[in-house]
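Written below as structure tokens is the structure these notes are about.
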Amino acid sequence: MPARPADKLLSHYDANARALPWRNPPGSPPMDPYRVWLSEVMLQQTTVATVKPRFRRFVERWPTVEALAAAPAEDVMQEWAGLGYYARARNLHACAKSVAATGGFPRTADGLRKLPGIGDYTAAAVASIAFGEGTAAVDTNVERVIARLHGIDRPVAEARPDIRRLAAAMWPRDRAGDFAQALMDLGATICRPKAPLCGECPLAADCVAFASGTPEAFPGPKAKAIRPHRHGEAWWIERDGAIWLVRRPEKGILGGMAALPGPEWATAAPTGRAIAIVSHGFTHFTLDLHVTHRAAPPDSEGWWQGLATISEAGLPTLYARAIEAALAAREARADAA
DNA sequence: AAATCGTGGTA
DNA sequence: TTACCAAGATT
């Protein structure tokens, strides 16, 4: 009787190094749920390479969920600066407070799913990896692997119900967490979106996409959206070696983050003279941000941030780059003079 | 339920 | 250089 694909994959996983260095080897006792949860939230739409050093720093600063819950919100946002999708940091803090108040993480996916920032995937991942629940954690890697295995050539958005059904059908309940990590490792290193390494795949003999000769064609391409262009203005208000910073509103883009003050971004370019202009790409639009001088004292809430300690302000990448560009322009002017 | 929400790496 | 993509969640 031939081995099932799930068993082949688990054997392959047991014999190979894992992509996440902070995870325990397969078969060892379940990990600290705090660390599993934190790393899964950090990894949402974010590469392992980016997360690795940030995860280490974060757990060093806040080793337990209770410590994180007790931290000021501004400190959490500052620590998250540069990681993007800042709603994750706001939800992370809210989730930590809830968990600390109730004395620990829920031990089931259904319980975890109710917490802020925990969706279907993260709930299943934490429940299976940290608590041994037999739940299928389906992320984009898993969707791609399953689609190829079964030769599904429709776009994932359309085929998702079928993919989830097929995933659940093959998911080993007794090693659900290991299987999730095995599938994701496979998706990240072998069954890649482009140029999959089918020659190294333990599931090649079972794979319809491989048999077709064009495995990259599965699943179908997702519809691409056009990215509009916007313009913005950021005010440079300086006094005694410090600049005026504000905190952006909780909702909307860069919500809750430190920022240069300025009007809302629009479609028309600012007309005044700019110290510097930085171009930045967001997920669904691109932005040209004009940094302009403003002598007027601040009329809103904010604080003076010394330029010598600007790196500690917890600025998102857009504003970090804008300030860097403004200082570089000043330096160039000083050299010319 | 389609839109919104960051950033950095790769081809 | 543009386009695509990454261990998704929320509204």
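First the proteins, then the strands, lettered A, B, ... as listed; each starts at 1.
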Under-4.0 Å salt bridge between A/R154 and A/E143 = no
Give me the residues of residues 72-96 of chain A where at least one heavy atom lies under 4.0 Å from an atom of DNA chain B, by number, or none.
-> A/G82, A/L83, A/G84, A/Y85, A/Y86
What is the distance, rounded to the nearest whole Å, between atom NZ of A/K224 and atom P of B/dA2?
-> 20 Å
Nearest nucleotide by nearest heavy atom, which residue falls closer to the 5' end of DNA chain C, A/A225 or A/D139?
-> A/A225
Pairing residues for A/E238 by the side chain to side chain donor-acceptor pair (under 3.5 Å) criterion, not counting sequence neighbours = A/W236, A/R330
Of B/dG6, C/dA7, C/dA6, the nucleotide closest to the side chain of A/F282 is B/dG6
What is the distance from NZ of A/K251 to P of B/dC5, rounded to the nearest Å?
-> 12 Å
How close or far is atom C1' of C/dA7 from atom CG of A/L43, stated in whole angstroms?
-> 5 Å
Could you tell me whether A/D110 and A/R113 make a salt bridge, using a distance below 4.0 angstrom between a side-chain N and a carboxylate O?
-> no
Are A/M184 and A/L20 side-chain neighbours, meaning at least one heavy-atom pair lies under 4.5 Å?
-> no
Check whether any side-chain nitrogen or oxygen of A/H284 sits under 4.0 Å from OP1 or OP2 of B/dA3, and answer yes or no.
-> no
Distance test, side-chain N/O of A/H280 to OP1/OP2 of B/dT7, below 4.0 Å = yes
Value in whole Å for how far the P atom of B/dG6 lies from CZ of A/R227 | 14 Å
Gap in Å between the two P atoms, one belonging to C/dT11 and one to B/dG6, rounded = 14 Å
A/Q44 has its side chain closest, among C/dA7, C/dA9, B/dT7, to C/dA9
Can you establish whether the number of heavy atoms outside A/R173 located under 6.0 Å from its atom CZ is more than 12?
-> no
Length of the line joining A/R230:CZ and B/dG6:C1', which is rounded to integer Å | 14 Å
Compare side-chain N and O positions of A/Q45 against OP1 and OP2 of C/dG8 and report whether any pair is under 4.0 Å apart.
-> yes
Are A/R175 and A/D14 within salt-bridge range, i.e. N to O under 4.0 Å?
-> yes
A/M42 CE to B/dG6 C1', in whole Å, measures 15 Å
Between protein and nucleic acid, restricted to nucleotides 9-11 of chain B and to nitrogen or oxygen atoms under 3.5 Å apart, what atom pairs and distances do you find?
none

Over-ring placement of A/R230 relative to A/W265, 6.0 Å and 45° cut-offs = no
Take A/R88 and A/E40 through the salt bridge (Lys or Arg N to Asp or Glu O under 4.0 Å) test and state the conclusion after the steps.
-> CA-CA 11 Å; A/R88 291 185 296 172; A/E40 288 299 341; over 6 Å; no
Nearest-angstrom distance from the residue atom CH2 of A/W37 to C1' of C/dA7 = 16 Å
Round to the nearest Å and state the distance from A/R321 atom CZ to B/dG8 atom P.
-> 8 Å
Does a distance-only test, which skips hydrogens and angles, find a donor-acceptor pair under 3.5 Å between the side chain of A/T317 and the base of B/dG8?
-> no
Check: A/F58 and A/L83 side chains under 4.5 Å, non-hydrogen atoms = no
Are any non-hydrogen side-chain atoms of A/I190 and A/L203 less than 4.5 angstrom apart?
-> no
P atoms of C/dA7 and B/dT4, separation to the nearest Å | 24 Å
Select base, sugar-phosphate, or nothing to describe what A/T122 touches, counting heavy atoms under 4.0 Å on all strands.
-> sugar-phosphate
